[in-house]
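These notes are about the structure you will find just below.
Sequence positions, counted from 1, serve as the residue numbers for this chain.
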Amino acid sequence: MTSADTITLNTDNSQDDQQPREPGVDAPKPTVSIRPPKRWQAIDFKELWDFRDLLTAFALRDVKLRYKQTLLGAAWVVIQPLMGAGIFTFVFGVMAQLPTAGLPPFLVSFAGMFAWTAFSQTLSKTSGCMVANQNMVQKVYFPRMILPLAQVYSVLVDLAVSLLLVAVLLAIYQINPGWPILLLPVWMLALFMLALGFGMWTGALMVEYRDVRYVLPVVIQFAMYASPVGYMLIAVNEKVPDWAAQLYMLNPLASLIEGCRWSMLGVGELHTGYLIYSLSLSVGVFILGAYVFRGMERKFADVI
């Protein structure tokens, strides 16, 4: 049985159960039929719902094991974004002195780190989840898409803690974002879909080509500096020519990260056209990644 096989049980034995059986004769066993999933079905929501308990178990396992045998434990959830925001504040706020629209540079960097963490951690975890669980993939049947989806749970735990820290910083700096905070889930959902789409695609490729494991961190590092994580889009528009700024905005992360910063701080440069482009691309990448994952799922157990 390959990793992509689905199991259906035919338990329609109601008529046989109503008929008396001779002593010593066993009841007929259910018929088990194994068939591959539909190639053009990106996500089988019914199957995922049936295995929802396993999805939760995988998510809790990852959360429990992440900081096991660490000195500071869950404190790293707070320390990591603070350190990242501090470095970006020194580089872009102190050294480069990029404009921040009157906001504290540290708050600008931390809001960008919040959005970037959602994307980068989701992409990193989903891309390597198949190889990390190769023994389970080879021996046990379950919907393989549970593995990348379970990674989102653990990322959400970190983001929940970071969001509380954002609320504390807003109170310290006495900043009220207003109604834009209501749109934060929209930008975050788009970031998760974009990361999951790329993650499922690269995760499926990594099963056959382990070179992806070495190339992906370089790409993620490049994407961080090519996105407004430690600075605002206003700095891009002021420092580079118009043609370069337009080319920069083709990066969907630019609009989505700036949208998160605008929702949390109430200040930012949003362009409707680029926002629609980024949101549409996120949905498209997610659907395409799911199709690629399902198409290659049949061979996971054989080649992993």
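- Scanning both residues, S227 and N251, for their nearest heavy atoms gives OG-ND2, 2.9 Å.
- Put simply, CG on L107 and CD1 on I172 are 9.5 Å apart, with the number rounded to the nearest 0.5 Å.
- Contact annotation: the side chain of P105 approaches that of T89 to within less than 4.5 Å [non-hydrogen atoms, C-beta and beyond].
- Legend: ring pair (Phe, Tyr, Trp, His ring centres under 6.0 Å) pairs involving residues 98-119, not counting sequence neighbours, sorted by first then second residue: W116-F119.
- Shown here are the side chain to side chain contact (heavy atoms under 4.5 Å, CB included) partners of A101, two or more places apart in sequence or in another chain: M232, V267.
- At least one side-chain heavy atom of L265 sits less than 4.5 Å from a side-chain heavy atom of L170.
- Residue V215 is found in a hydrophobic cluster whose other members, listed by chain and number, are V219; membership requires side-chain heavy atoms under 4.5 Å apart, directly or through intermediates.
- Applying the side chain to side chain donor-acceptor pair (under 3.5 Å) criterion to Y248, with sequence neighbours excluded, gives Y231.
- Listed by first then second residue, pairs satisfying salt bridge (charged side-chain N to carboxylate O under 4.0 Å, His left out) with a partner in residues 250-275 read E258-R261, not counting sequence neighbours.
- Minimum heavy-atom separation, M113 to A85: CG-N, 4.0 Å.
- Qualifying side chain to side chain donor-acceptor pair (under 3.5 Å) partners for S282, counting only residues two or more places apart in sequence or in other chains: none.
- The shortest side-chain heavy-atom distance between T122 and T117 does not fall under the 4.5 Å cut-off.
- By the side chain to side chain contact (heavy atoms under 4.5 Å, CB included) test, E238 is found to be paired with P99, I234, residues two or more places apart in sequence or in another chain being considered.
- Within the 4.5 Å cutoff, the side chain of M200 has no heavy atoms near those of the T126 side chain.
- Both M264 and V161 sit in one connected hydrophobic cluster of ILVMFWY residues. Membership requires side-chain heavy atoms under 4.5 Å apart, directly or through other members.
- Residues D158 and V155 form no side-chain contact, since every pair of their non-hydrogen atoms from C-beta on lies 4.5 Å or further apart.
- Among all heavy-atom pairs drawn from I181 and P177, the shortest one is CB-CG, 4.4 Å.
- Two residues are said to be in side-chain contact when any heavy atoms from C-beta on lie closer than 4.5 Å; L184 and C260 meet this criterion.
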Self-check item: Test log, rule side-chain contact (heavy atoms from CB on, under 4.5 Å), inputs Q246 and Y274
Solution: CA-CA 10 Å; Q246 294 176 1; Y274 288 120; 3.8 Å; yes
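- A distance of 11.5 Å separates OG of S109 from CG of L82, quoted to the nearest 0.5 Å.
- Sorted by first and then second residue, the side-chain hydrogen bond (donor to acceptor under 3.5 Å, both in side chains) pairs with a member in residues 90-106 form an empty list; sequence neighbours excluded.
- Follow the hydrophobic side-chain contacts under 4.5 Å out from V283 and you reach V186 in the same cluster.
- In this structure the side chain of V236 never reaches within 4.5 angstrom of the side chain of P228, judged on heavy atoms.
- A heavy-atom distance below 4.5 Å is not found between the side chains of L216 and S124.
- With sequence neighbours excluded, the residues satisfying side chain to side chain donor-acceptor pair (under 3.5 Å) with S263 are W187.
- One distance of note links CD of Q151 with CG of L196; it measures 9.5 Å at 0.5 Å rounding.
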Exercise. Determine, step by step, whether L123 and L194 satisfy the side-chain contact (heavy atoms from CB on, under 4.5 Å) criterion, reporting the C-alpha distance in whole Å, the side-chain angles of both residues, the deciding distance to 0.1 Å, and the verdict.
Key: CA-CA 9 Å; L123 176 55; L194 187 65; over 6 Å; no
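- The distance from atom CG of L256 to atom CG of L189, rounded to the nearest 0.5 Å, is 10.5 Å.
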Quiz prompt | V212 vs S127, side-chain contact (heavy atoms from CB on, under 4.5 Å): CA-CA, chis, key distance, verdict | solution = CA-CA 9 Å; V212 178; S127 62; 5.9 Å; no
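- M83 and L164 are assigned to two separate hydrophobic clusters, defined by single-linkage of ILVMFWY side chains at heavy-atom distances under 4.5 Å.
- A donor-acceptor pair is defined here as one N or O able to donate and one able to accept, closer than 3.5 Å; no such pair exists between the side chain of S255 and the backbone of P252.
- Residues I220 and I87 are members of one and the same hydrophobic cluster, defined by side-chain heavy-atom contacts under 4.5 angstrom among Ile, Leu, Val, Met, Phe, Trp and Tyr.
- The ring pair (Phe, Tyr, Trp, His ring centres under 6.0 Å) test applied to W262 returns W179, not counting sequence neighbours.
- To the nearest 0.5 Å, atoms CG (L156) and OG (S162) are separated by 11.5 Å.
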Practice problem: Any chance you could lay out the side-chain contact (heavy atoms from CB on, under 4.5 Å) test for L233 and L270, step after step, and finish with the verdict? | Solution: CA-CA 9 Å; L233 282 182; L270 300 183; over 6 Å; no
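- Applying the salt bridge (charged side-chain N to carboxylate O under 4.0 Å, His left out) test to pairs two or more places apart or on separate chains, none has a residue in residues 82-111.
- In terms of the side chain to side chain contact (heavy atoms under 4.5 Å, CB included) criterion, residue partners of Y225 (sequence neighbours excluded) are, by chain and number, F88, Q221.
- At most 12 heavy atoms of other shown residues, nucleotides or ligands fall within 6.0 angstrom of atom OH in Y209.
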